[in-house]
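So you know, we letter chains A, B, ... as the sequences are listed, proteins then strands, and number each from 1.
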Amino acid sequence: MTEQQYNSNFLNILKERGFMYQMSDEKALDKELSSGIVPAYIGFDCTARSLHVGSLVQIMMLRWLQKCGHKPIILLGGGTSKVGDPSGKDKSREMLTMEDLENNKAGIRKVFAKYIKFGDGETDAVMVDNDDWLNKLQYLDFLRDYGPHFSVNRMMNFESVKIRLEREQPLTFLEFNYMILQAYDFLELGRRYGCKLQMGGSDQWGNMINGLELNRRVDSRSAHVITSPLLTTADGKKMGKSEGGAVWLNDDMLSDHDFWQYWRNVQDADVGKFLRLFTELPLDEIAKLESLEGSEINEAKKILAGEVTKLARSEDSAKKAQDTAQKTFEQNGMGDALTKVEVSRAELTSGILAFKLFASVGLVSSSSEARRLISGGGAKVNNEKVTNDKQEITLNDLDKDGVIKLSAGKKKHIIVVPV
RNA sequence: GGGGAGAUGCCUGAGUGGUUAAAAGGGGUGGACUGUAAAUCCAUUGGCUACGCCUACAUAGGUUCGAAUCCUAUUCUCCCCA
C-alpha cells in the first residue's frame, strides 16, 4: 500500500477508500484515534421503515470505525422527526405517530445489525434516539444555558443559510433552530457516552462544527468532525433511485433481486468508487477490477453487486440474485429470485387480457400504461412479444415448469404462478 | 394591522373565455444502438371493460352555449409597508 498518512488505521482507511471529504483538526483527531477507543456518532432520520443506499456511506463508515476498534453510536432523529424536517420545503412532512416511529426505529435497527455489532462491550455499537433528551428540554433553560454560545452573525454565514437568504427563499425559525438542536445532540452524546467525533455528509459540516464548538465551550471537551463527500453518480444524479423507487436496504422494502440489480447496473465510471466505498475488497483488487475495459467491466459490476448484497442482505441472497440474473439475462430463462405472483387457475382457464394481466401483476401501474407498453413493443410473455393488447393469456401459455414469465422491457420480469 | 403577487399535470414552467388532457424543458417508461453501462436517436408519459367515456389547472360556489382562463367566498404561499 502507499504511505500511511496517519497513525490511525481508521483515518487511513477512510482516506484511501474515498470516505474523507473534510475533517477538523487532523493531527489532534489522529492522535485521539490512535491512542484509545473513540466513541463516534452519525445521525440518521427515522422517517421511513428503512434506510436506503443514500445512507450506505455513513453505515460503512461506522462499520469501519468498529472494525478499527472504536465505538459506533447511531443517533436516530426521533425527536427531530416529531417536528418534521423543514428542509423539504414544499410540504411540511406529516407528523409521524408514535407507533410509526417505533416501527421505523425497529426497521432501521435491523439494517444496522447486519453491518455492526450491538451490545454492552466497549466497542459494541449503541443506538439512541435524540427524543430522549430533546423532548425534555425547557425552552427558557435551554436558551439561557446554550443560547449564548451561538452567534447569529456566524450562523448567517453558514453556507446553508446564506444560500437561502441570497435566493430570497424563506428560512423558518424552526429550520434555523435545527442546527442548534443538532449541536446539542453532539454535546449530549459527549456527556452520555464520551462521544468525541461526529461524522456525516459534507452538507452537514456547518451543523457539525457547531456541535464541536458547543462541546468545547460548555464542557471543555475536545471534539472532532469528519465529513464524507456527497455521493452522486457519474452523471451527477443523486444516488439511490432505481426503477422509479428508492433503493431500500431492508429486504421487506426491496427484493434481493432488485437490490442486486441496482448495483449490477451502475455506470462504468462509478464501479471503482463504489467498490471502494461499499465493499471491503482489498484496494489492489479493486484497482484491477476497475481497470477492466469494455464489456469486461461487467464482471466487476457483478462482484460489486455480490459484495454489497452479501453485506446488506446475506450470502445466500447474493448467490440467488446472481444466479437469477444469469439465467434471466444470459440464458433468457428465469431464476428463483424473480418476483412471483399468484394468479388463480380459474381466471387463466377463461383467459385474461394481456394488458390487464400486466397491470394486475404490478409490472406497470395502470392498464393504460400496459397498453402503451404493448404498443411500444416492450411487453413479452415467455419472451414472445405481445402484439395485441387484447391478446388473451391462458393456461396454454404455461411453460414446461407450469409458470408464465411476463416481461416489461428488458429488465423487469415477473413469474406468474397459477394456483 | 395595511397593501401587493401568486397557487397549473411527477417537477420546472407557458397559457389568461372556445380543436386545451393543457406549449416547452426536465424526469419517468418503452424501442433502436450496445455490454443488463454511458452517450445518441425515436416513441410515449391522467384514468377507464377505449376510435368512445370519465376525471383534471388550490377548495367551494357562480356567470356563460362554452372557463385553467371572468366573478364571489375560502384555504395556503410569497413580497412590501407598519
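No donor-acceptor contact under 3.5 Å links the side chain of A/Lys302 to the base of B/U36.
Contact check for A/Lys380 versus A/His413: no side-chain heavy atoms found under the 4.5 Å cut-off.
Relative to the side chain of A/Lys412, the nucleotides B/A37, B/U49, B/U29 differ in distance, and B/U29 lies closest.
By the 4.0 Å N-to-carboxylate-O rule, A/Glu285 lies too far from A/Lys288 to be salt-bridged with it. Salt bridge status for A/Asp336 with A/Lys320: absent, with no side-chain N to carboxylate O gap under 4.0 Å. Between A/Asp316 and A/Lys319 there is no salt bridge, since no side-chain nitrogen of the basic residue lies less than 4.0 Å from a carboxylate oxygen of the acidic one. The pair A/Lys356-A/Glu347 does not count as a salt bridge, with every side-chain nitrogen at least 4.0 angstrom from each carboxylate oxygen.
Between A/Phe355 and A/Ser295, it is A/Ser295 whose nearest contact on RNA chain B lies nearer the 5' terminus. Along RNA chain B, the nucleotide closest to A/Gly409 and the one closest to A/Gln261 are compared, and the more 5′ of them pairs with A/Gly409.
Here, B/U34 and B/A39 have their C1' atoms 11 Å apart, quoted to the whole Å. B/U44 and B/U63 have their C1' atoms separated by 39 Å, with the value rounded to a whole Å. Across the P atoms, B/G2 and B/C57 are found 31 Å apart, a figure rounded to whole Å. One C1' atom belongs to B/G9, the other to B/A21, and the distance between them is 9 Å to the nearest Å. For B/A50 and B/A37, the P atoms lie 36 Å apart once the distance is rounded to whole Å. Annotation: B/U36 and B/U19 have their P atoms spaced 47 Å apart (nearest Å). Distance noted for atom P between B/C11 and B/A58: 13 Å (whole Å). When the C1' atom is compared between B/C81 and B/U12, the two are found 32 Å apart, to the nearest whole Å.
Ring centroids of A/Trp263 and A/Phe278 are separated by less than 6.0 Å, placing the two rings close together.
The stretch residues 303-339 of chain A touches RNA chain B through A/Ala325, A/Phe329, each having a heavy atom within less than 4.0 Å of the strand. Heavy-atom distances under 4.0 Å link RNA chain B to A/Ser366, A/Ser367, A/Ser368, A/Arg371, A/Arg372, A/Leu373, A/Gly376, A/Gly377, A/Gly378 of residues 362-383 of chain A, given in residue order.
The CD-C1' distance, from A/Glu299 to B/U36, rounds to 12 Å in whole Å. The separation between A/Phe274 atom CZ and B/A37 atom P is 16 Å, rounded to whole Å. Between the CG atom of A/Asp270 and the P atom of B/G35 there is a distance of 21 Å, rounded to whole Å. What separates CZ of A/Phe259 from P of B/U36 is a distance of 22 Å, to the nearest Å. A/Lys385 has its NZ atom 11 Å from the C1' atom of B/G30, to the nearest Å. We find that CD of A/Glu296 is positioned 14 Å from P of B/U36, with the value rounded to whole Å. A/Asn298 places its CG atom 6 Å from the P atom of B/U36, with the value rounded to the nearest Å. Rounded to an integer number of Å, the gap from A/Ile352 CD1 to B/U49 P is 14 Å.
At most 12 heavy atoms of other shown residues, nucleotides or ligands fall within 6.0 angstrom of atom OH in A/Tyr21. Residue-environment remark: NZ (A/Lys385) stays at or below the threshold of 12 foreign heavy atoms within 6.0 Å. Heavy-atom contacts from other residues, nucleotides or ligands closer than 6.0 Å to CD of A/Glu384 number 12 or fewer.
Residue A/Ile297 is classed as a base contact, given a heavy-atom separation below 4.0 Å to a base. Among the protein residues, A/Gly294 comes within range of the nucleic acid bases, having at least one heavy atom under 4.0 Å from a base atom.
Looking at A/Asp129, its side chain does come within 3.5 Å of a backbone N or O of A/Gly78 through a donor-acceptor pair. Formation of a donor-acceptor pair under 3.5 Å by the A/Arg17 side chain with backbone atoms of A/Thr279 is found in this model. Formation of a donor-acceptor pair under 3.5 Å by the A/Asn135 side chain with backbone atoms of A/Asp131 is not found in this model.
The cationic group of A/Lys136 does not satisfy the cation-pi geometry with A/Trp133, failing either the under 6.0 Å distance to the six-membered ring centre or the 45° limit from the ring axis.
Phosphate contact (OP1/OP2 of B/A37, side-chain N/O of A/Lys411, threshold under 4.0 Å): present.
In RNA chain B, the stems built from three or more successive Watson-Crick or G-U pairs (distances below 3.5 Å) are B:1-7 with B:75-81, B:10-12 with B:24-26, B:27-32 with B:40-45, B:46-48 with B:52-54, B:58-62 with B:70-74.
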